[in-house]
Each structure stands twice: as structure tokens, then as C-alpha cells.
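Only one structure is covered here, and it is reproduced in the block below.
All chains are named by letter (A, B, ...) in the order of the sequence lines, taking the proteins before the strands, and each is independently numbered beginning at 1. This structure is a prediction, so every number in the text was calculated from the model and none was measured. What you see below is based on every heavy atom in this structure, not just the backbone, and it leaves out hydrogens, waters and symmetry mates.
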Amino acid sequence: MTETLENLSTTYNAREVEKEIYKFWEDNEFFKADNKSKKPPYSIVIPPPNVTGILHMGHALDGTLQDILTRYKRMKGFEALWLPGCDHAGIATQNVIEKELSKQGKTRFDLGREEFLNVTWDWANSHKSRILGQFKTLGASFDLSRTRFTLDEGCSKAVKKVFVDLYNKGLIYKGSYIVNWCPRCQSAISDIETEYETEQGHLWEISYPIKDEMGAIVIATTRPETMFGDVAVAVNPNDYKYKDLIGKKCVIPLVGREIPIIADEYVDKSFGTGALKITPAHDPNDFEVGKRHNLPFIKVIDEQGKMIARSEVHPDVWGLDRYEARKRTVEMLKAHEVLVKIDNHEHNVGKCQRCNTTIEPLLSEQWFVKMEPLAKAAIEKVKDGSIQFIPKRWEKNYLMWMENIRDWCISRQLWWGHQIPAYYHNETKEMVVAMENPDPKNYTQDKDVLDTWFSSGLWPFETMGWPDVESDDYKKFYPTSTLVTGFDIIFFWVARMITMGLEFTGVPPFSTVYIHGLIRDEFGQKMSKSKGNTIDPVLSIEKYGCDAVRFTLANLCTYGGQDIKLSDEKFEFGRNFANKVWNASRFVLMNLESKEQNFDLSNLSIADKWILTKLNQTIKEVNDNLENYRIGEVTTVLYDFFWNCYCDWYVELSKIEKNENVLTYVLDNFLRLLHPVMPHLTEKIWQLMPVKKEEKAIMKSKFPEYNEKFDFEEDSKAMEMVFDAIRSIRNIRQSFNISPSVKVNVKIQGEIELYKKVTNYLKRLARVEEIEFIDDNHTSDKQSASAVVQNSKIIVPLKGLIDIEQEISRQNKKLDKLNQEKNSLQNRINNEKFVNSAPAEVVQKTKDRIQELEAEGQIIKNLIDNLS
RNA sequence: GGGCGUUUAGCUCAGCUGGUAGAGCGUCUCCCUUACAAGGAGAGGGUCGGGGGUUCGAAUCCCUCAACGCCCACCA
């Protein structure tokens with residue numbers, strides 16, 4: 001930071017400054033949180049990005065918001081910790097590695113578990129730094145010395161403990177149930193990892209002959225290949241069509257196996273034929289029916305999605321893929337003339353969230369968490385306000401899900417993840433669930449690993465040292481303060497953190513859940529690599545600057561948390577603002593005559609009072625909005641204040657008459673207010689400011705607070721009046737095409753004292769030659785060829801300067817508008833009910849306004865007459 | 001089937017507790033006035049999706065309809 005003010009570039013060089021400033025912060029370890037500090041804590045844990053991932057706009061938004069909050073709280077006097085880290089992302093990472101392997105023609109089985117894990121660890125370690133490094137280009141003020149990984153030692157310990165404890169409490173169990181099986185990932189996945197897509201399929205009606213009788217029962221199915229696993233045909237008990245068949249047996253075509261015809265309420269009489277084949281091993285609903293009726297489970301499709309070669313299955317489809325088998329089965333049914341009908345049928349098909357493969361519901365032995373007992377407290381704590389969602393509507397969403405919660409399948413048939421701490425005796429098969437293998441010689445650990453979300457569900461406390469509740473971090477920073485994330489992972493992540501946090505630490509893991517919208521492309525489509533519509537934040541940051549990207553993203557965060565439609569050009573908004581701040585600051589700094597400002601705020605002009613009042617209001621609004629997570633509003637308020645008040649007026653006025661103390665004071669305060677959103681730019685300028693600083697860095701300085709003594713309401717209003725006058729005169733000049741080089745004269749009626757103080761301003765900013773003050777009786781001036789503005793208090797004689805016709809039409813237009821407003825207000829005042837029920841203040845305001853309008857209208861009328 | 005969201009200026013969107021609408025971009029006019037052309041000055045542009053209701057007063061609250069989007073459920 002050796003440059004002189006004069007050689008600062010005339011455009012803000014974001015790239016250079018950002019690098020330099022971030023290094024300055026890092027070198028000084030400003031992001032490090034002190035767990036021994038006496039300050040009150042404020043902590044945020046990052047939603048851990050996948051190790052496999054690269055920074056996308058969602059991260060950029062999420063990270064920006066977290067950083068804004070962290071920086072704000074840090075400046076507010078909190079010991080602020082933003083804790084970074086990564087998620088091992090079980091399936092996602094394993095998929096990536098397997099893809100790499102397949103390029104070499106290998107599978108994970110060629111390497112074996114141990115070697116595969118070595119490869120994956122190497123890969124994960126090398127990528128962990130990549131994504132967190134990208135967060136750094138965002139200006140993230142997270143404490144990298146506390147970086148965690150969901151698969152690191154501490155997290156593993158926490159995971160094991162949670163698993164063992166839940167098991168011992170009877171909240172984790174193992175059993176055979178229908179699960180969502182992904183034949184490609186070769187693993188079970190949970191219900192919420194299954195996404196449904198509408199597909200055009202068929203509804204086949206197949207005739208099942210009745211045993212020992214003429215006739216048949218026709219069933220309808222979308223999956224004929226599962227017929228080999230049928231164990232019954234079910235009808236509704238109230239369906240008269242089938243009343244006589246209940247209890248009889250029918251025969252599965254092609255294979256001739258006999259199955260009972262049963263009655264179950266589940267069957268919808270009106271759908272299809274009203275008769276439903278029951279395949280408990282391959283359909284969740286059939287599974288339930290099967291259990292109710294004590295039916296056997298016949299598994300006919302294997303984990304690869306292929307038909308199992310077993311006696312119940314027709315040999316022609318043995319080993320065929322399920323879709324091939326479907327075709328073949330339909331052909332056979334046709335040949336046997338038992339296919340009654342084929343209808344087109346639109347239905348929803350479950351897909352694997354990670355690889356989009358069609359899910360196969362499969363009977364399988366898996367581990368589950370019993371959710372209902374855990375959900376109780378999680379529901380309670382949201383209902384009683386201990387945990388608040390912002391915006392509030394997400395609370396309903398969360399509660400609805402929690403109140404209908406189903407058990408969570410947590411085992412995955414993967415290698416990358418937390419291996420389940422269950423050990424089986426090699427001979428007796430006895431199972432022990434424990435932190436450690438009781439006897440490695442005789443016990444073998446369960447091969448499955450846990451769902452990634454199991455460990456991320458512990459994130460707020462496992463990262464703070466839990467289960468060591470005496471650790472300094474845990475004591476200081478747990479529970480955390482705010483959780484910032486998108487609504488897409490409320491169920492996956494937020495809900496699980498709340499349940500686990502409450503169960504194991506007894507307190508909510510955070511008090512506020514700030515949910516922001518999702519980033520979409522400019523057409524509202526989800527951004528995805530496959531669609532090719534992504535915007536790379538790293539490139540945007542390079543192009544527009546990190547602060548510009550942050551400012552823009554923050555600006556797009558609405559109160560309601562709407563999704564954000566983004567295009568790269570939108571960042572111009574932030575870039576332009578950064579540049580404006582840069583240049584205005586440069587100007588101010590270059591024009592300071594004394595090197596040390598003493599902030600003497602006595603002897604203020606009305607302009608000073610006005611800007612101080614504006615600043616004070618801005619301070620109030622920025623604080624309020626930050627406290628209430630109205631981040632978009634924060635940026636709007638800052639933008640408006642700086643550009644429209646400070647630059648457009650106050651800095652301009654300072655060229656005529658300046659108060660260095662105020663000029664600097666306002667800039668200093670503004671920079672602090674802006675710092676959480678645009679950290680680098682504000683730090684850079686602040687470092688260049690020749691003022692006494694209580695801290696080494698703006699990021700460590702105090703956040704401005706509203707101060708009543710800086711509200712100068714009356715002077716402020718007076719100043720605004722002068723600005724209106726200047727605007728009006730400029731308007732006249734422009735309307736009549738008066739060249740900038742031509743000066744006009746102005747007559748002013750009333751407010752003489754005020755205007756006398758600001759003649760300089762009028763002369764310079766409105767290009768006025770002479771100002772004449774006139775008294776109330778001086779009406780003749782208004783009736784000559786003049787333009788009249790500012791409630792007729794400002795008169796600009798235009799003789800010789802203007803086109804009369806043009807002025808008449810202009811005045812007529814103005815009069816129309818005026819009358820319109822007047823009539824509308826008049827109607828209101830004529831309404832007795834309004835006068836009686838509206839607050840007196842509003843009534844008076846309306847009356848005053850009518851008078852104003854009347855007076856002004858009269859003058860315009862006179863003027864028009866005169867001109868004509 | 002249930003729930004939620006959106007519909008405001010040409011475009012993208014703000015508008016919190018009801019008092020006749022704002023920004024950015026774009027458009028038009030003028031200006032290289034020594035901080036900034038990524039800029040300055042001025043202007044134009046909206047019956048706030050339709051209909052009904054509550055109210056003295058509705059973009060704002062209620063009902064209803066429509067369009068679009070999302071989430072949950074998963075009738076084979």
C-alpha cells in the first residue's frame with residue numbers, strides 16, 4: 001500500500017486490490033476466531049461443499065451471505081467464527097472415481113476396497129483445497145485453521161458415537177424392507193434421494209386364469225416382468241365384480257404357479273381392472289399388502305436390475321435386464337393370448353438423484369433410523385420458536401415433512417464413507433455394535449457405509465469438538481447462530497441437523513435458519529452442467545471483481561427469498577457501483593488538505609447537516625435490515641445513499657464549499673457500512689484514508705450505529721428544497737434547449753434567508769447568473785414569459801430564450817396533471833366517511849395538498865393566459 | 001391428490017405493519033463541466049394478471065378464477 005493518491009487508477013482494479021487485501025487479512029490472521037474471547041460468540045458453519053465439487057453460483061451466493069453476516073457481526077463486537085469444511089459426498093465422489101477408473105477399463109473391484117479408498121483419499125485431499133481456495137476468491141472470512149472434513153478423525157468419532165448410541169436406544173435397527181435400489185450405484189438410497197419423473201409408459205392388462213374353473217381375472221400392471229414374483233391377486237373387498245372370486249386361486253400365466261385371490265382395502269376399484277397383482281419383493285405398496293396377508297416374498301430381479309434365474313421365473317427371461325425382460329414377457333403373453341389390452345399410461349418413475357437411473361424397489365437388508373421419536377423434539381423446537389426459519393413459510397414445509405416422517409435408510413453399499421460400526425462374529429454371526437471392533441481376529445465389520453447426510457447431520461457439533469463437550473470451541477461456539485442455505489436441502493440436511501443436534505446436545509444446533517433462493521439461468525431454468533447454462537463464478541469474479549459479484553448477488557436476495565434469475569451482465573451493476581465508490585473516494589482523498597481529520601463536527605452548514613442526517617438514516621436502515629436478513633435491501637439502501645446523496649449532491653457541493661471533516665467522516669462511516677458486502681474495496685480505501693483508526697483494518701473496526709444527535713430534520717428538509725429548485729431550473733434549461741454555456745437569471749420569492757445561504761450552489765449547479773429576491777406582491781414577474789417552478793417560488797424569466805408555443809403546451813400539460821391529482825384528492829375530502837375515519841394527520845395532509853395544487857394551478861393558468 | 005410460490009414500466013425485479021407506485025438495465029435529449037463515459041444532467045414509460053369482497057381508502061388484507069413454476073404424496 002505504497003501508492004500515492006494521485007497515481008491511483010481511474011477505474012477500480014478489482015483483481016489486483018482483492019488479491020492484495022485478502023493476503024493482508026490472511027497474514028494478520030484476522031479470520032481466526034478466539035475461543036477464549038470475552039466477546040459474545042457468533043458462529044456459522046458452512047454447508048460443506050462436496051469435495052468433488054467446484055465452486056458454482058449457488059456456493060457463491062451462499063458464501064457471500066454467510067460472509068456478510070460474519071463480517072457484520074465481527075464489526076458489531078462479536079467473536080465471529082465462520083467454520084469452513086467439506087463433505088465427503090459418498091455417492092457423488094465414488095461415482096467420480098469409478099468413472100476415472102472405467103476410463104482405464106477398471107472397476108473398483110479390480111482395485112479392492114483398501115486400494116480404492118487410498119485412491120479416493122488422495123483425490124479428495126487434492127480437491128479439498130481446490131474448492132475452499134475458490135471460496136477464498138469470494139473474499140470468505142472463514143477460519144481456515146478450523147477446516148473440517150466429514151470423514152476426518154473427529155467426525156468419524158462423532159459418527160460412530162451417534163450410531164452406537166442410537167442403536168443402544170433402539171433408534172437404529174437393521175432389517176429386510178423394500179428400499180429404493182439404484183442398479184447403477186449398486187446401493188440402496190433413501191426416499192428423499194429418489195426423485196420422481198413423469199414418463200409415458202403402458203398399462204398392460206393380463207388375464208390370470210382361475211384355478212379349476214372357467215374364466216379368468218384380468219389384472220392391470222405397468223411392470224409385467226414382475227409377474228414372476230407375484231404372490232397374490234388382490235381386489236377390493238367391496239368390489240361386487242370380484243366378490244365370488246375372493247378366496248379362490250388363480251394361475252400366473254407362462255409359469256403356471258398358483259396364487260390366491262385376496263381382498264384388501266388398498267385396491268382401488270376404479271383403477272385399471274380393479275384387480276391388482278401383488279409383488280411384495282418389488283413394490284413398496286405390495287410389500288405392505290404382502291405383510292398384512294402373510295404372503296411370501298419372491299425376489300425375481302437382482303441388484304443389477306437383471307432377472308434372477310430361479311424356478312418361479314420363466315427361463316426365457318433369466319439373466320435379462322429388467323427392460324429386456326419386460327419386452328420378452330409381453331411377447332410371450334401375446335403369444336399365449338393372455339394379454340387383454342395395452343393402454344398408454346403416464347406414470348411417475350423413481351430416479352436416482354445422483355445418476356438418474358430408474359430405481360428398482362427391492363427387498364433388501366438395510367440399516368434404518370427410527371425417525372418418529374427423534375422428530376418430536378425437532379418439531380417442538382421449531383413450533384415454539386427456538387429455531388426460526390427465514391422466510392417463515394419454510395417452517396410449514398419443514399413441519400409437514402417432519403410430521404409425516406418415515407424411517408431413514410442409512411446404509412449404503414458403497415466403499416467411500418463411514419463404515420458402519422457393527423461387527424459380526426465370523427462363526428456365530430453374532431452382531432456387536434460398538435465404537436471399536438471387540439476382537440478383530442474373530443469379528444468382521446459390516447461392509448456397508450453410512451449415508452453421507454448422516455455425518456453432515458452432525459456438522460454443527462462434530463466440528464466444534466463434540467463429543468468432547470468440554471472443548472473450548474464447543475463451549476464458546478456451540479450452538480451456532482445462523483444457518484444459511486438453499487431450500488433444496490431443508491430435508492436432507494437442515495432437518496437432520498436439528499434432530500441430531502437436539503438428541504445429542506440437548507439444544508438446537510442453531511437459532512436461525514436463513515433460507516435463500518436458488519440461482520437459475522436468465523430463463524428461470526436450473527443451472528446445470530449438462531444443460532450448459534451455468535455461469536462460472538470464478539470467471540465472473542475475474543471479469544467483474546469479487547466485490548462486484550458479491551454486491552450484485554446480495555442485491556438480488558429479496559425478502560421473500562425468491563429464486564434468482566442470473567445472467568453474467570447483471571454483475572455490471574456491482575462493478576459500476578464498485579467503480580463509483582472507488583472514484584468518489586479517490587476524489588475525496590485527493591482533495592483533503594489536512595492529513596489528519598479530527599472529526600470536529602461543530603459549525604455545520606445545512607449541506608453538512610443534510611448529509612449527516614442521510615447517513616444516520618442509512619446507518620439505521622442498514623443495521624435493521626441486516627438484523628432482519630433483508631440483504632437485498634441493505635445493498636439498495638447503500639447504493640442509493642452513496643450514489644444519489646453523497647456523490648450526486650454532497651461531493652458536488654464540496655467542490656463549491658467543503659467541510660473536510662464531514663466529507664471524511666461520512667466516507668469513513670459509509671465504508672464501514674459497506675464493508676460486509678464489499679470487503680476488499682472498502683478495506684483498500686480505508687487503508688488509504690488519512691484518519692485516525694482504532695483498528696488496523698476496517699474489517700476489525702466498529703460498525704456504525706444510529707445516533708439521534710445527527711438527525712437534523714429541518715435543515716435537511718430545507719436542503720432538499722434547494723435541490724428541488726436546482727432540479728427545476730435544470731429541467732427548464734433542458735426543456736427549452738438552453739445551451740449549457742448560456743446562464744439564466746432567477747427570481748425567488750420567499751424563503752429568502754434559506755436561498756441567500758445557497759446562492760453559490762444555485763449559480764454553480766444550475767448555471768444561474770443572477771438571483772433576485774422578490775416579495776409576495778411581485779406577481780407581474782410570474783405573468784411575463786417565464787418558467788415557474790417550485791410551487792411558483794422560483795421564476796426563470798425566459799424572454800428571448802424560448803418558444804412561446806412550446807411553453808404554453810408544456811404548461812397545459814402540467815396543469816392537466818395537477819388537476820387530475822386535485823380532483824382525486826377533492827373527491828376524497830368531500831367524502832364524509834374519509835374525513836371521519838381517516839387519521840387527522842392524513843386528512844390535514846390531503847387538505848394542504850389541495851391548497852397547494854390550487855395555488856399552483858391558478859398561477860399556471862394566469863401564466864398561460866399571459867403567454868397567449 | 002395435498003401444500004407453496006410467482007404474475008407490478010420494454011426487460012429483470014423491489015415495494016415490511018393498507019394512505020393512488022420505485023430501482024437497475026434499455027429508450028429519448030443534452031453534455032468529454034479536471035473523481036468516475038463502468039460517468040454527468042434531464043425526460044418518457046405502469047388502469048400493479050382477471051373478477052368479486054372488506055375499508056373512508058387496496059399493488060398491499062379476504063374470496064375466486066387463470067397462467068406459469070416448485071415441493072410433497074406415488075393408484076398398480
Worksheet item: Does NZ belonging to A/Lys341 count more than 12 external heavy atoms closer than 6.0 Å?
Response: no
Discussion item. Any base atoms under 4.0 Å from A/Lys655, or only sugar-phosphate, or nothing? Heavy atoms, all strands.
Written reply: base
Item to complete: Indicate the ring-plane relationship of A/Phe271 and A/His345, choosing parallel, tilted or perpendicular according to the 30° and 60° boundaries.
Response: perpendicular
Worksheet item: Quick one: are the ring centres of A/Phe571 and A/Phe551 less than 6.0 Å apart?
Response: no
Worksheet, complete the sentence: The correct set of residues in residues 281-293 of chain A placing a heavy atom under 4.0 Å from RNA chain B is A/Asn285
Worksheet item: Reckon A/Lys396 touches a base, only the sugar-phosphate, or nothing at all at heavy-atom distances under 4.0 Å?
Response: sugar-phosphate
Practice prompt. Mind checking A/Arg727 for me? I need base, sugar-phosphate or nothing, with any heavy atom below 4.0 Å counting as a touch.
Written response: sugar-phosphate
Item to complete: Describe the nucleic acid contact of A/Asp648 in one word from base, sugar-phosphate, nothing, applying a heavy-atom distance below 4.0 Å.
Response: sugar-phosphate
Worksheet item: Side chains of A/Asp407 and A/Tyr177: donor-acceptor distance under 3.5 Å anywhere?
Response: no
Worksheet item: When we call it a touch if two heavy atoms are under 4.0 Å apart, what does A/Phe271 touch: a base, just sugar-phosphate, or nothing?
Response: base
Item to complete: Could you provide the dot-bracket string of RNA chain B, using ( ) for intrastrand pairs, [ ] for crossing pairs and | for bases paired to another strand, with Watson-Crick or G-U pairs below 3.5 Å?
Response: (((((((..((((.....[..)))).(((((.......))))).....(((((..]....))))))))))))....
Discussion item. If only side-chain N and O atoms count, and only distance matters, is there a donor-acceptor pair under 3.5 Å linking A/Thr226 with A/Asp283?
Written reply: no
Item to complete: For A/Lys565, report the nucleic acid contact type (base, sugar-phosphate, nothing); a contact means any heavy atom under 4.0 Å.
Response: sugar-phosphate
Item to complete: With RNA chain B as reference, determine whether A/Val835 or A/Arg575 sits nearer its 5' end, using the nearest nucleotide of each.
Response: A/Arg575
Practice prompt. Using a heavy-atom cut-off of under 4.0 Å over every strand shown, decide if A/Thr558 touches base, sugar-phosphate, or nothing.
Written response: sugar-phosphate
Worksheet item: For atom NZ of A/Lys531, is the number of surrounding heavy atoms from other residues, nucleotides or ligands below 6.0 Å larger than 12?
Response: yes
Practice prompt. Could you pull out the closest heavy-atom pair between A/Lys743 and A/Val768, with the gap in Å?
Written response: CD-O, 4.2 Å
Fill in: Side chains of A/Tyr196 and A/Lys351 in contact at under 4.5 Å (non-hydrogen atoms)
no
Item to complete: Tell me what A/Trp643 touches on the nucleic acid: a base, only sugar-phosphate, or nothing, going by heavy atoms under 4.0 Å.
Response: sugar-phosphate
Worksheet item: Reckon A/Gln562 touches a base, only the sugar-phosphate, or nothing at all at heavy-atom distances under 4.0 Å?
Response: sugar-phosphate
Practice prompt. Identify whether any heavy atom of A/Arg730 sits under 4.0 Å from a base atom; if not, whether one sits that close to sugar-phosphate; answer base, sugar-phosphate or nothing.
Written response: sugar-phosphate
Worksheet item: With a 4.0 Å cut-off on heavy atoms, is A/Phe573 in touch with a base, just the backbone sugar-phosphate, or nothing at all?
Response: sugar-phosphate
Worksheet item: Do A/Phe491 and A/Tyr398 have ring centroids that are under 6.0 Å from one another?
Response: no
Worksheet item: A/Arg406 near the nucleic acid: base, sugar-phosphate alone, or nothing, with a heavy-atom cut-off under 4.0 Å?
Response: sugar-phosphate
Worksheet item: Under 4.0 angstrom, heavy atoms only, what part of the nucleic acid is A/Phe491 near: base, sugar-phosphate, or nothing?
Response: sugar-phosphate
